[in-house]
Amino acid sequence: MERKVRVRFAPSPTGPLHIGGVRTALYNYLFAKANGGDMILRIEDTDSRRFVPGAEEYINEALSWLGIGIDEGVREGGAYGPYKQSERRDIYREHVKQLLDAGKAYIAFDTPEELDAARAETPNFQYDASTRGRMRNSLTLPADEVKRLIDEGTQYVVRFKIEPDRDVKVNDLIRGEVVINSNILDDKVLYKSADDLPTYHLANIVDDHLMEVSHVIRGEEWLPSAPLHVLLYEAFGWTDTMPAFVHLPLLLKPQGNGKLSKRDGDKLGFPVFPLEWHDPESGAISAGYREQGYLPEAVVNFLALLGWNPGDNTELMTMDELIKKFSFEHCSKSGAKFDYKKGAWFNHEYLINKPDAEVAALFKPLMEKKGWTGFSDEYITRAVGMVKGRIDFVSDLLEQADFFFQAPTEYAEKDVKKRWKEDTPRIMEELIGVLESIDDMTSANAEKIVLDWIAQNGYHLGNVMNAFRLAVVGSCRGPHMFDITELMPKSEVIARIRRAIATLP
Ligand code: GLU
């Protein structure tokens, strides 16, 4: 029988979710939705020393912002809860006992000092079949001694008893079968009495099993843990329901050598977090894609293509299109360069394709901060529509569309030198008269009348039009001049020409 697809995104709330983690969440989501499956969000908070307040909320907010929907989780509930590992202690305790009773795990009392001594004595010391016989554990100590130590409250850990000389096979849907020999694995700690909590490995496996996870999709950095996870599934007798593994390629530095880090972002000026993060301890603020003005759909599209392609050259894809096309067949094994400039390009494309009114709505809060108030939605929308093609971010409109909302206070020096000639003030006076005579200021009509006037008088077309633009815009840039003057009140256009005449030499 085909298994129902159930995937989980299982972050540890140890800080802000890194952009690589977001990609992992996205691929889980795309795969689940492509296959009619469920997406679980499990909070892996068993390492109490690394808990960071606010991190869980951050994860939820980031996924919501991006439209990565969760079917089961702490907020959503579900039939397999609780979805936070710190609330599942009883379950783990029971499973640790199960392994101990079956002789697949053992109790170890070695203190940190004793472990250090063993490491100092044996080069490349590893706690495993070759060394466990000389350590202080339930395999070497008499049973009553073990009981006495526990009763006395001695701290201990439970270790997984890994059998030596076994080839462990990990079936990875991107990498194929990965085989490693169990001799390189150490007897991993599964549980610590000190905080009565399991380690990542045990909790992760027990939960994947109990939550009926069919596919474990996670970053490549977890590949070394996979053989151990396979052995744990075996030790519990769950081999039949072992999930398929998918280890996603690393995100690499933009230059391509080495893993992407926060430092790369700081150096080159791009965020490595989805949302801005305020560190609760240091107060330091790390930039986020949302606050930098990226559209969530652009971030999703950008991330989707870091390690996967649709099998052709299509680049622009909505979430629904990504879901339709997603499969592991087109995932790459090798790392994906984090081409952050491509992220800005995606944002540009999504802004162009967004209805003008929506871009205008995103722009309005920025306008307010500037004090550009009193403009109708229609005016803002049309202004935005005219310059939208030139921006990567909504905030670029502050520079690209400023003249629609405030008269120039200064004029670009270079353009003045080139276009504001001796006879320009006189010609501009004439232009005012021409404009005043026009009743219908629609672009084509005004253009025809003004160009006719220029031709009839034998004026230099480029000089006159650029002087006109200089007066209205403040420099020789911007959309078609008569589109601007169609939108702007004629009185404002004329006032600006007057001001230029009065101000410029
Ligand atoms: N808690 C691990 C993390 O922080 C989960 C890794 C996995 O998906 O198994 O990424």
Side-chain angles (χ1 to χ4, degrees), residues 5-32 37-52 54-56 58-60 62-63 68 70 72-74 80 82-88 92 160 170-175 178 188-191 197-233 236 238 241-251 259-262 272-274 277 303 307 328 331:
V5 166
R6 287 176 56 79
V7 301
R8 85 301 193 272
F9 178 53
S12 301
T14 54
L17 186 59
H18 189 269
I19 200 73
V22 176
R23 188 204 45 177
T24 299
L26 175 64
Y27 282 28
N28 270 283
Y29 176 76
L30 293 177
F31 181 72
D38 297 328
M39 165 85 168
I40 302 164
L41 175 61
R42 185 170 74 219
I43 300 297
E44 302 211 323
D45 58 345
T46 56
D47 192 345
S48 44
R49 288 161 307 163
R50 293 177 57 215
F51 175 80
V52 172
E56 187 183 337
Y58 181 95
I59 292 164
N60 281 321
L63 298 182
I68 298 174
I70 302 298
E72 295 173 28
V74 177
Y80 298 77
Y83 291 93
K84 193 186 284 200
Q85 290 189 325
S86 58
E87 293 168 13
R88 299 171 64 83
Y92 305 128
F160 189 32
V170 178
N171 173 23
D172 186 293
L173 296 188
I174 296 180
R175 284 150 218 278
V178 180
K188 273 272 165 341
V189 172
L190 302 178
Y191 169 88
L197 275 171
T199 57
Y200 154 71
H201 301 289
L202 183 98
N204 189 270
I205 262 23
V206 167
D207 287 349
D208 282 350
H209 173 70
L210 295 178
M211 295 180 182
E212 297 185 36
V213 168
S214 63
H215 296 76
V216 167
I217 305 164
R218 59 187 171 192
E220 181 179 304
E221 63 273 27
W222 300 98
L223 183 59
S225 303
L228 176 72
H229 295 178
V230 169
L231 289 175
L232 276 167
Y233 261 86
F236 279 115
W238 299 333
T241 55
M242 177 129 55
F245 290 96
V246 183
H247 291 95
L248 303 175
L250 280 180
L251 292 186
K259 209 176 134 183
L260 175 72
S261 72
K262 178 162 169 357
V272 297
F273 301 116
W277 169 256
L303 289 180
F328 293 123
C331 279

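Whatever order the structure lists ligands and atoms in, that order sets their numbers, starting from 1. What you see is a predicted model, and the numbers here were worked out from it, not measured in a lab.
Contact of the R8 side chain with the N204 side chain is registered, since non-hydrogen atoms from C-beta on lie closer than 4.5 Å. Side-chain atoms of V74 and L41, non-hydrogen and from C-beta on, never get closer than 4.5 Å to each other.
For the side-chain hydrogen bond (donor to acceptor under 3.5 Å, both in side chains) condition, the pairs that include at least one residue of residues 215-226, sequence neighbours left out, are R175-E220, Y200-R218, R218-H229, R218-H247.
A side-chain N or O of Y92 and one of D207 form a donor-acceptor pair less than 3.5 Å apart.
Residue-level contacts of ligand 1 at the 4.0 Å heavy-atom threshold are R8, A10, S12, E44, Y200, N204, R218, W222.
Between the side chain of N28 and the main chain of I217, a donor-acceptor pair closer than 3.5 Å is present.
To the nearest 0.5 Å, atom CG of residue L303 and atom CD1 of residue I68 are 8.0 Å apart.
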